[in-house]
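Chain letters run A, B, ... following the sequence lines, proteins first, then strands; residues in each count from 1.
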Amino acid sequence: MPELPEVEVTRLSFANAIAGAGIESVRVGKPLRWPLDIGPERLVGQHVRAVRRRGKYLLLDLDDGILLMHLGMSGSLSFSRHGSAPGAHDHFDLVTSQGLLRLNDPRRFGAVVFVDNETTPQALKLLGKLGMEPLGSDFAVGAFHAGLKRRNSAIKQVLLGGQVVVGVGNIYACETLFLAGIRPTLKASRITRRQAERLHAATRDVLSRAVALGGSTLRDFSNAKGENGYFQLEAMVYGREGLPCKVCAAPVRLMRQGQRSTYWCGHCQKS
DNA sequence: AAAAGCCCCTGGATGC
DNA sequence: TGCATCCAGGGGCTTT
């Protein structure tokens, strides 16, 4: 579930509270996507300076080094004063002077990785090919349109790919295309300037509204304070197969694109 | 280089 | 109630 809004909401919910905290100990549970290939001594005694986000990655800036965290499909973070005993799906604990940061991830597609800086081979492998930040100042219509035109696959797939624009996952790709009135199967290379403008505006609109609403809680997402999100209540097409389109009342359709579900309205998304 | 498929893993919903 | 099947928010890796 964690797409850009959920990751950003998570970041906002604990970044200030953890800033300046000293790391006291670390606990690693079951293996995540990659091993944390350093010992606790590399982290203990350091301080968490800031928490940043790049795409769907969280970057915890330490005195020396960066802890990269990814929530995968089912991950969530909690940050609390007093830590309880870890549950079956709590796979990473960072015990700090200001509270316990804990990663819960049933499916374990998430990851915690330590890198010395953002230019190490591993950091570059993970972050180096990421596209523009949709809520950042570098997200310009011209560059967006140019990036899309270079791709030959369906616009939905290109949005998901993250090489043109980051953070747009399955829910928000569906919602964004609906808002822009664009057919999900349209080849990205055929996007017109007008369509790119609509998609650009829709992306910013959908993602920023989702952040404001605390993200989408479909199953069990919550921010680091345990609070749920409410964007799912405003979804126009995602998860609404067969229900009437909120704009034209035609039944919302479902199809598969790259082994993922695409929800769309055949009437509103014609171009 | 880009595109398409294949996995990683677990839990919940659905169907028989 | 029990068991099998399908599906789920991501994305790196391998193969075309």
Asks: Considering heavy-atom distances to DNA chain B, does K129(A) or S153(A) have its closest nucleotide positioned more toward the 5' end?
Replies: K129(A)
Asks: For dC6(B), does either OP1 or OP2 sit under 4.0 Å from a side-chain N or O belonging to Q259(A)?
Replies: yes
Asks: Find which nucleotide of DNA chain C each of L126(A) and N170(A) is nearest to by heavy atoms, and output the residue with the more 5' nucleotide.
Replies: N170(A)
Asks: Walk me through whether E6(A) and K56(A) qualify under salt bridge (Lys or Arg N to Asp or Glu O under 4.0 Å).
Replies: CA-CA 9 Å; E6(A) 290 74 32; K56(A) 296 171 189 168; over 6 Å; no
Asks: For dT10(B), does OP1 or OP2 lie under 4.0 Å from any side-chain N or O of H89(A)?
Replies: no
Asks: Compare side-chain N and O positions of K125(A) against OP1 and OP2 of dC13(C) and report whether any pair is under 4.0 Å apart.
Replies: yes
Asks: Mind checking what makes side-chain hydrogen bond (donor to acceptor under 3.5 Å, both in side chains) contact with E24(A), not counting sequence neighbours?
Replies: none
Asks: Would you kindly give the NZ-to-P distance between K30(A) and dC8(B), to the nearest whole Å?
Replies: 16 Å
Asks: Going through the checks in order, is the side chain to side chain contact (heavy atoms under 4.5 Å, CB included) test met by I155(A) and I182(A)?
Replies: CA-CA 9 Å; I155(A) 181 65; I182(A) 296 171; 4.2 Å; yes
Asks: Nearest heavy atom decides the nucleotide; on that basis, is Q163(A) or G258(A) closer to the 5' end of DNA chain B?
Replies: Q163(A)
Asks: Check whether any side-chain N or O of Y238(A) sits under 4.0 Å from OP1 or OP2 of dA8(C), and answer yes or no.
Replies: no
Asks: Using a heavy-atom distance cut-off of less than 4.0 Å, which residues of residues 102-111 of chain A contact DNA chain B?
Replies: P106(A), R107(A), R108(A), F109(A)
Asks: Is any side-chain nitrogen or oxygen of K56(A) closer than 4.0 Å to OP1 or OP2 of dG11(C)?
Replies: yes
Asks: Over all strands shown, is R33(A) touching base, sugar-phosphate only, or nothing at heavy-atom distances under 4.0 angstrom?
Replies: base
Asks: Given the rule in the side-chain hydrogen bond (donor to acceptor under 3.5 Å, both in side chains) test, do S222(A) and E227(A) qualify, once you have shown the distances and angles that lead to the verdict?
Replies: CA-CA 5 Å; S222(A) 62; E227(A) 299 160 342; over 6 Å; no
Asks: Hey, does the side chain of R256(A) come within less than 4.0 Å of dC6(C)'s phosphate (OP1/OP2), counting only N and O?
Replies: no
Asks: Roughly, in whole Å, what's the span from CZ in R150(A) to P in dA3(B)?
Replies: 11 Å
Asks: Taking atom CZ of R194(A) as the centre, does the number of heavy atoms from other residues, nucleotides or ligands within less than 6.0 Å exceed 12?
Replies: no
Asks: Return the orientation label for the Y57(A) and H70(A) ring planes: parallel under 30°, perpendicular over 60°, tilted otherwise.
Replies: perpendicular
Asks: Just by distance, no angles: are the side chains of R81(A) and Q98(A) close enough, under 3.5 Å, to form a donor-acceptor pair?
Replies: no
Asks: Report yes or no: does R240(A) contribute a side-chain atom to a donor-acceptor pair with the main-chain N or O of M236(A) at less than 3.5 Å?
Replies: yes
Asks: Can you tell me the distance, in whole Å, between the CD atom of E241(A) and the C1' atom of dA13(B)?
Replies: 15 Å
Asks: Assess whether a salt bridge exists between R53(A) and E133(A), defined as any Lys/Arg side-chain N lying under 4.0 Å from an Asp/Glu carboxylate O.
Replies: yes
Asks: Between dA3(B) atom P and K156(A) atom NZ, what is the distance in whole Å?
Replies: 16 Å
Asks: Show me the dot-bracket string of DNA chain B, counting Watson-Crick or G-U pairs under 3.5 Å, with | for pairs to another strand and [ ] for crossing ones.
Replies: .|||||||.|||||||
Asks: Is F144(A) close to L199(A) at the side-chain level, that is, under 4.5 Å between some pair of heavy atoms?
Replies: yes
Asks: Without decimals, in angstroms, what is the distance between H91(A) NE2 and dG11(B) P?
Replies: 9 Å
